[in-house]
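Here the structure comes first, spelled out in structure tokens, and everything after it is commentary.
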Amino acid sequence: MLIVFSKIMSIFLMILIGFIANKRNLLSDDAIPHMTNLMMYITAPCMVMGSIYSKTLSSDVITSTVQILVGSAVYFTVMTLLAFLFVKLLKFKPKEDWGMYMIALVTVNSGFMGFPVTKAIFGNDIFYLMVIGNIILNFYMFCVAPPILNIGSKVTMSFGEMLKTMVNIVFIAIIAGIVMLVLGVRPPSFIDDMVQAVGDATIPVSMLLVGMQLGSSHILSVLKNKRYLVINITAMVVIPLLTFLAVNPMNFLDTDVKVILIFTSAFPTAVASVAICDQYGKNAKGMAEIVSLTTFTSLITVPLIAAFLMSYYY
């Protein structure tokens, strides 16, 4: 348990450094887009591709891969239905924001934040499952989320537009890693060393970036919005608890698959949801405030949930 908390504390100290650096203007708001590009286009693709092709394909790996793909698909389907019932029951206003609230509840930051945190705490084997599950998240974010956001409006999205947004460099890296895994192909050692080294930089870069984003947000003003507080508590506490209660009795699932399905649900609202809202003329400001609030809350909830999963399952 002490080792787990030590790893968690080292990760969140990086967030604190990013927060202080932003407040002291050492890493100003102007640096955030550049840090984001560094992670999304360079370090993260290397990390996910290297984690996949470095594994050995076996019957256990195939079984857990299928389980996480199906489990993730079921999770997003069920959570979408529950989110709709939730916002309808509470009668959030305006009604045009129902889709925004639903996406805030369902989408998770399992890539940008989840990848480095999972790898640092649980290691490469479980991190691999997080990466595979992210395929379903990408599909949901860029193909399913836009129509949901358009609940109550007449805006539509073509298949070509959905495909263009889904096929990003991280998604391509995941597919490339899977192809190499299936074919048993590994790059030359000097390329492999480079991929692994650059990929390892994702953890400090992403955690510094989270701290910078929190430093540039206005959490105190967000706390005054009761609807955001309800969404925050539901997303960060209620949903992980419900996921645990649903997944834990499923003895046919591999233990690592159970852990990833539960741990994935614990992460804050996906950062990419803000850009999607902005792209389709929805309440991007509201989504950004929810992302900031859930990210801030995750500094408390994610370490506690990670420690619980480690002690309960391992």
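Being a predicted model, the structure only gives us computed values, none of them experimental.
Distance OG1/Thr80 to CG/Leu85: 11.0 Å, rounded to 0.5 Å. For the atom pair OG1 of Thr295 and CD1 of Ile290, the computed distance is 11.0 Å after rounding to the nearest 0.5 Å. Here Met180 contributes atom CE and Leu57 contributes atom CG; the two are 13.5 Å apart, rounded to the nearest 0.5 Å. Once rounded to the nearest 0.5 Å, the distance linking CG of Leu309 with CD1 of Ile121 reads 9.5 Å. Rounding to the nearest 0.5 angstrom, the gap separating the OH atom in Tyr75 from the CD1 atom in Ile239 is 5.5 Å. For the atom pair Thr269 OG1 and Met236 CE, the distance stands at 7.5 Å (nearest 0.5 Å).
More than 12 heavy atoms of other residues, nucleotides or ligands lie within 6.0 Å of CZ in Phe122, so this atom counts as buried by the packing criterion. Residue Tyr41 qualifies as open at atom OH: its count of foreign heavy atoms under 6.0 Å is 12 or below.
Of all non-hydrogen atoms in Leu261 and Gly71, the two that sit nearest each other are CD2-C, 3.8 Å. Taking each heavy atom of Pro240 and Ile305 in turn, the nearest pair found is CB-CD1, 4.0 Å. Shown here for Pro303 and Ser298, the closest heavy-atom pair between the two residues is CD-O, 3.4 Å. Of all heavy-atom pairs spanning Leu105 and Ala83, the tightest one is CD1-CB, 4.1 Å. Nearest heavy atoms, Ser110 versus Thr264: CB-CG2, 3.9 Å. Contact detail for Ala173 and Pro45: the closest heavy-atom pair is CB-O, 3.5 Å.
Contact of the Ile178 side chain with the Ile135 side chain is registered, since non-hydrogen atoms from C-beta on lie closer than 4.5 Å. Between Val117 and Phe263, some side-chain heavy-atom pair lies under the 4.5 Å cut-off. When side chains are defined from C-beta on, Met287 does not count as touching Lys282, because their heavy atoms never get closer than 4.5 Å. Residues Thr65 and Tyr128 form a side-chain contact, since some pair of their non-hydrogen atoms from C-beta on lies under 4.5 Å apart. Put simply, the side chain of Val259 does not reach to within 4.5 Å of the side chain of Met310, judged on heavy atoms. Side-chain contact between Phe115 and Thr202 is absent, with no heavy-atom pair separated by less than 4.5 Å. Lys258 places a side-chain heavy atom less than 4.5 Å from the side chain of Asn251. At least one side-chain heavy atom of Asn124 sits under 4.5 Å from a side-chain heavy atom of Lys119.
Both Leu183 and Val195 are part of a single hydrophobic cluster, where members link through side-chain heavy atoms under 4.5 Å apart. Hydrophobic clustering, with ILVMFWY side chains joined whenever heavy atoms are under 4.5 angstrom apart, keeps Val230 apart from Val237. Hydrophobic clustering keeps Leu242 apart from Leu81 (ILVMFWY residues linked when any side-chain heavy atoms are closer than 4.5 Å, directly or through intermediates). One hydrophobic cluster holds both Val87 and Val78 under the rule that ILVMFWY side chains link at heavy-atom gaps under 4.5 Å. Transitive grouping of hydrophobic side chains (ILVMFWY, heavy atoms separated by less than 4.5 Å) brings Ile169 and Ile52 into a common cluster.
Applying the salt bridge (charged side-chain N to carboxylate O under 4.0 Å, His left out) test to Arg227 and every residue at least two apart in sequence or in another chain returns nothing.
Remark: the backbone N or O of Phe92 is paired with a side-chain donor or acceptor of Trp98 at under 3.5 angstrom. For Asn37 (side chain) and Pro33 (main-chain N/O), a donor-acceptor pair under 3.5 Å exists by modelled atom type. Side chain of Ser64 to backbone of Val61: a donor-acceptor contact under 3.5 angstrom is found. Put simply, the side chain of Ser28 never gets that close to the backbone of Asn25: no donor and acceptor are under 3.5 Å apart. Although no hydrogens or angles enter the test, the distance criterion places a donor-acceptor pair under 3.5 Å between the side chain of Ser265 and the main chain of Ile262. Between the Asp192 side chain and the Pro187 main chain, no donor and acceptor come within less than 3.5 Å of each other. The main-chain N or O of Phe308 is found under 3.5 Å from a side-chain atom of Ser311 such that the two form a donor-acceptor pair.
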Using the rule given for side chain to side chain contact (heavy atoms under 4.5 Å, CB included), can you reason through Thr63 versus Gln67, listing the C-alpha separation, both sets of side-chain angles and the distance that settles it, and then say yes or no? CA-CA 6 Å; Thr63 299; Gln67 286 184 353; 3.8 Å; yes
Do Ile174 and Met49 pass the side chain to side chain contact (heavy atoms under 4.5 Å, CB included) test, and can you show the C-alpha distance, the side-chain angles, and the key distance before you say yes or no? CA-CA 6 Å; Ile174 292 172; Met49 184 169 65; over 6 Å; no
>> Quick one, Tyr313 with Asn248, criterion side chain to side chain contact (heavy atoms under 4.5 Å, CB included). Give me CA distance, side-chain angles, the key distance, then yes/no.
In response: CA-CA 10 Å; Tyr313 285 109; Asn248 187 56; 2.7 Å; yes
Exercise for review: Test Val106 against Phe84 for side chain to side chain contact (heavy atoms under 4.5 Å, CB included), laying out the working first.
Suggested key: CA-CA 10 Å; Val106 178; Phe84 177 74; over 6 Å; no
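Inspection of the Asn232 and Thr297 side chains reveals an N or O donor paired with an N or O acceptor under 3.5 Å.
The aromatic rings of Tyr228 and Tyr101 sit tilted relative to each other, their planes meeting at an angle between 30° and 60°.
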